Amino acid sequence: MLTTAPRGTKDILPQEIENWRYVEAAMRRICAQFGYKEIRTPVFEHTELFKRGIGDTTDVVEKEMYTFTDRGERSITLRPENTASAVRAFCEHKMYAEPAPTKLYYIGPMFRYDRPQAGRYRQFHQFGIEALGVDSPAIDAEAILLAVTILKELGLKDLHLKINSVGCPNCRPQHRAKLQDYFRPHLEGMCSDCKSRFERNPLRLLDCKVPHDHEIAAGAPSLEECLCEECREHFEGVKKLLTAAGVDFEVDNTLVRGLDYYTKTAFEIQYVPLGAQSAVCGGGRYDGLVKEIGGQDVSGIGFAMGMERILLALESQNLLPEHKDGIDAFIVCPNQDNLEAAFKTAIALRQAGLKTEFDFLARSMKAQMKQAGRLNAKFAVIFGDDELARGAVTLKNMAESTQTEIPVDDIVTILQTEVQKYE
Ligand code: ATP
Ligand code: MG
């Protein structure tokens, strides 16, 4: 038990880290192109923020939050997503005082009491963006384009983008009534969540994962018929710009996001080959959220991508670049009397920017040479007694198996030049 991580969590090991960095670097690069700036918010917040910001009728708030009382008797929740926190920060730091839009992105761990399986964990990581303060459909289209650009840049094909409009407080009452009329005769046979959400938020019934309920939801009346003029126009605007940008999409009238604050645009990107956990990105507009958590009436749009799912997808398609690990120099020092000199040389080489290692275990000369090979060292710097007596060391080029004697005082300058030949 003590040597096993909690269920639903996992270590990201040194051999996996390069893959994470590679994906994160692509995200950061493209965010910079699109004018998004990074924000890092706390991993825990007041529970109330998520209750308000995500909504009481969502799976996340009803079943998935890691909530506890801290020693000061406050109810605290590990963030299950980052939008509510980003919006909280937007209000707290009066970002609305700057010219709109405020464009933010984040990468970090999120926590949900989900049922662990491939692509679904209890601590997982999301990359996401939030753009606040713009009503125009152009920012919706730009956000979707940003998501698509990142996934394509990483090399993923077979992406399936679904979009919908979930309306706004003007048109939702009409849709709500229609949905209730549709679901009422089926309700008896539906799950307890659906029953309890029928009155509170019938839109949620479209999102039920229970297969039987899902089938019923597929026949529900389309949201599109109920959209008010403003929402319809907005939706048309988004579609027009996506088409102009050459982005393929499918309109899916049953698509509602899992979170209550969404208005107008909702979208999801699936990576079909992932199977059951195929959703790699989900997002949409949340014009009511900033006000809901106590800020001004400021609109917003954002999305979140699951890092683990993207990495799984890249791995399965062999789209992750090979990373060649290696160091510049390994100092071989078989005689412990020379350890101090070797140690100082390592410091000097590192200060000169060279990746340097040496032996900590008083291994034999042969074992140290083997370690230099294992670490993929370009050069071995051998502190042998004979050479040292002459004020020199042996420099061995590991790839070419050639060696020369060089003066101790010149180790740093010579290695710097030699290593550069390989860059
Ligand atoms: P799902 O229907 O798969 O539970 P969701 O609607 O709960 O997804 P969002 O809240 O929209 O997901 O989160 C955005 C993205 O974060 C998802 O598309 C997915 O890639 C990822 N994600 C969500 N929950 C998990 C999890 N438990 N483990 C790994 N990734 C996750
Ligand atoms: Mg979920």
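Numbering of ligands and ligand atoms starts at 1, following listing order. Since this is a predicted model, take the numbers as computed values, not measurements.
Aromatic ring centres of His125 and Tyr121: separated by at least 6.0 Å. Taking the six-membered ring where the residue is Trp, the centroids of Phe68 and Tyr66 are separated by 6.0 Å or more.
In this structure, Glu81 falls outside the shell of residues with a heavy atom less than 4.0 angstrom from ligand 1. A heavy-atom separation below 4.0 Å is found between Arg309 and ligand 1. At a 4.0 Å cut-off, at least one heavy atom of Arg120 sits close enough to ligand 1 to count as contact.
For Gly306, a nitrogen or oxygen atom sits less than 3.5 Å from a nitrogen or oxygen atom of ligand 1, counting backbone and side chain alike.
With hydrogens and angles disregarded, a donor-acceptor distance shorter than 3.5 Å links the side chain of Thr417 to the backbone of Thr413.
Contact annotation: for Lys209 versus ligand 1, heavy atoms closer than 4.0 Å belong to the side chain alone. Of the heavy atoms in Asp114, only side-chain atoms (C-beta onward) come closer than 4.0 Å to ligand 1.
Of all atoms in ligand 1, listed by their number and element, those nearer than 4.0 Å to a heavy atom of Ala304 are 14 (C), 15 (C). Below 4.0 Å from some heavy atom of Ala279 lie the following atoms of ligand 1, by number and element: 17 (C), 18 (O), 19 (C), 20 (O).
With Gln123, Gln126, Arg115 as candidates, the residue nearest to atom 14 (C) of ligand 1 on a non-hydrogen basis is Gln126. Between atom 30 (N) of ligand 1 and the options Phe127, Tyr271, Phe124, the minimum heavy-atom separation is to Phe124.
A cation-pi arrangement is not found for Lys239 relative to Phe249, the charged atom failing to lie both closer than 6.0 Å to the ring centre and inside a 45° cone about the ring normal. Taking the ring axis of Phe50 as reference, the NZ or CZ atom of Arg79 does not stay both within 45° of it and closer than 6.0 Å to the ring centre.
Residues satisfying the side chain to side chain contact (heavy atoms under 4.5 Å, CB included) test with Gln420, not counting sequence neighbours, are Glu423. Remark: Arg120 engages Asp114, Gln117, Gln277, Arg309 in a side chain to side chain contact (heavy atoms under 4.5 Å, CB included) (not counting sequence neighbours).
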